[in-house]
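What follows is a short report on a single structure.
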2 protein chains.
Amino acid sequence: MSKRTMQRDQIELHQRGMKNTKQRNMVYHVLKQSESPLTADDIFSELQRQSCHISLSTVYRVLELFTDRGLIIKTTLLLQNKAVYEFINKDQTHYLICMHCHRNIPIEYCPVHEIEEDLVRKTQFKIIGHRLDIYGFCPECQKKMDKE
Amino acid sequence: MSKRTMQRDQIELHQRGMKNTKQRNMVYHVLKQSESPLTADDIFSELQRQSCHISLSTVYRVLELFTDRGLIIKTTLLLQNKAVYEFINKDQTHYLICMHCHRNIPIEYCPVHEIEEDLVRKTQFKIIGHRLDIYGFCPECQKKMDKE
DNA sequence: AATGTAAATGCGAATCATTCGCATTTAGTA
DNA sequence: TACTAAATGCGAATGATTCGCATTTACATT
């Protein structure tokens with residue numbers, strides 16, 4: 001990781017009122033470099049792989065901090081009992097999920113932007129992200145269930 | 001619970017290819033009578049309160065079954081590490097959630113219906129419900145965080 | 001640059017939601 | 001009424017997450 005990158009992150013953490021520590025930077029980077037949401041344990045393992053020392057409890061504590069500061073969001077995947085974390089961005093991908101086989105299909109179009117402006121005006125919230133899951137049955141499972 | 005109600009539920013369970021058991025009916029009714037999503041333990045406790053015997057593992061097993069059959073959905077509340085279950089309905093309420101104080105504000109308008117028809121055509125899914133959470137900071141927390 | 005202090009971390013134990021194995025019971029059918 | 005596969009109860013096991021406390025660290029101040 002370059003010195004310049006390091007410095008940029010320090011500024012980002014400080015701006016949000018967080019102390020800058022080695023561990024926080026490590027977690028930050030693992031999340032930043034991932035394309036998909038990660039569990040606490042994913043992050044812990046990846047850091048071990050990189051020979052970076054951190055304790056699992058610290059990973060959890062850092063994730064909680066980042067979540068409270070609105071840097072990342074914590075959600076869960078359907079049918080998994082563990083939390084996943086990812087950077088918040090305004091163009092979150094959404095999913096169509098089959099309730100039976102639990103297949104996930106990404107949805108391109110996002111209908112949320114249209115109502116955002118209106119919500120901001122009404123609630124004074126500062127909106128930083130959102131999540132949309134649509135539930136149903138895929139064609140295959142519909143067939144399977146009809147047979148039963 | 002009236003005999004007529006009992007019978008209606010039996011038909012509903014059978015139609016979806018499920019055996020009708022005392023325990024399934026009990027869980028079904030607790031969910032049906034609740035306005036808000038419930039955890040497995042909520043359901044277990046409510047049934048104990050009613051002096052209805054059921055084991056907690058059975059509650060979990062019934063909830064999993066109902067989920068796979070598309071009767072209910074399993075989701076999680078922000079910042080809680082346990083699943084909640086509720087009947088699926090097409091007019092799910094959505095929430096605006098403050099990342100800092102975890103306050104939930106219900107949103108009236110739902111932007112999902114508009115894209116549903118299009119999704120069905122493209123994917124052949126049978127859509128039965130959806131969930132939308134919007135993340136942000138409430139006005140109070142924005143102020144608090146500026147001061148820090 | 002050295003110091004002081006509140007905050008952050010590491011470690012292991014504790015907690016709590018959820019799942020599993022297996023013996024027993026039950027729903028639905030013949 | 002009897003049969004059989006499926007459902008349940010119970011308690012133990014699992015696995016994610018949190019907590020307590022001793023140690024270390026960031027960073028503001030001298």
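Naming: A, B, ... by sequence-line order, numbering from 1 per chain.
Rounded to an integer number of Å, the gap from CG of A/Leu47 to C1' of C/dT9 is 14 Å. Taking atom CG of A/Asp42 as the reference point, atom P of D/dA16 lies 10 Å away to the nearest angstrom. Between the CZ atom of B/Phe44 and the P atom of D/dG9 there is a distance of 9 Å, given to the nearest Å. In this structure, A/Arg24 places its CZ atom 10 Å from C1' of D/dA26, rounding to the nearest Å. As a whole-Å value, the separation of B/Met26 CE from C/dA27 P is 12 Å. Look at CD on B/Glu64: it is 16 Å from P on D/dA6, rounded to the nearest Å. The CG-C1' distance, from A/Asn20 to D/dT24, rounds to 16 Å in whole Å. The distance between atom CZ of A/Arg69 and atom P of C/dA7, rounded to the nearest whole Å, is 12 Å.
Across its full length, the helix from C/dA1-D/dT30 to C/dA30-D/dT1 shows an angle of 40° between the axes of its 5 terminal pairs at either end, rounded to 10 degrees.
A residue-by-residue look at B/Lys22 and A/Leu65 shows that A/Leu65 has its nearest nucleotide of DNA chain C further toward the 5' end.
Among the nucleotides C/dG10, D/dA5, C/dT19, the one closest to any side-chain atom of A/Gln23 is C/dG10. You'll find that the side chain of A/Tyr60 is closest to D/dT17, out of C/dA8, C/dA27, D/dT17. Relative to the side chain of A/Thr21, the nucleotides C/dA8, D/dT8, C/dT18 differ in distance, and C/dA8 lies closest. Across D/dC27, C/dT18, D/dT18, the shortest atom-to-atom separation from the side chain of A/Asn81 is found for C/dT18.
Look at A/Lys82 and you'll find a side-chain N or O under 4.0 angstrom from OP1 or OP2 of D/dA16. Neither OP1 nor OP2 of D/dA26 sits under 4.0 Å from any side-chain N or O of A/His14.
For B/Glu140, the salt bridge (charged side-chain N to carboxylate O under 4.0 Å, His left out) criterion is met by B/Arg103, not counting sequence neighbours. Listed by chain and number, the residues in a side-chain hydrogen bond (donor to acceptor under 3.5 Å, both in side chains) with B/Thr75 amount to none (sequence neighbours excluded). B/Gln50 meets the side-chain hydrogen bond (donor to acceptor under 3.5 Å, both in side chains) test with B/Glu46; sequence neighbours excluded. Applying the salt bridge (charged side-chain N to carboxylate O under 4.0 Å, His left out) test to B/Asp133 and every residue at least two apart in sequence or in another chain returns B/Arg131. Not a single salt bridge (charged side-chain N to carboxylate O under 4.0 Å, His left out) links B/Glu86 to another residue, sequence neighbours left out. When the salt bridge (charged side-chain N to carboxylate O under 4.0 Å, His left out) test is applied to B/Asp118, the partners found at least two apart in sequence or on another chain are B/Arg121, B/Lys122.
Between the A/Thr67 side chain and the A/Leu63 main chain, a donor and an acceptor come within less than 3.5 Å of each other.
Under the salt bridge (charged side-chain N to carboxylate O under 4.0 Å, His left out) criterion, no residue pair touches residues 17-30 of chain B, with sequence neighbours excluded.
Residues of residues 49-59 of chain A that place a heavy atom closer than 4.0 Å to DNA chain C, in numerical order, are A/His53, A/Ile54, A/Ser55, A/Ser57, A/Thr58.
When all heavy atoms of A/Cys98 and A/Phe137 are compared, the closest pair comes out as SG-CA, 3.9 Å. The two residues A/Met99 and B/Gly70 have their closest heavy-atom pair at CE-CA, 4.3 Å.
Counting non-hydrogen atoms under 4.0 angstrom, B/Arg61 reaches a base of the nucleic acid.
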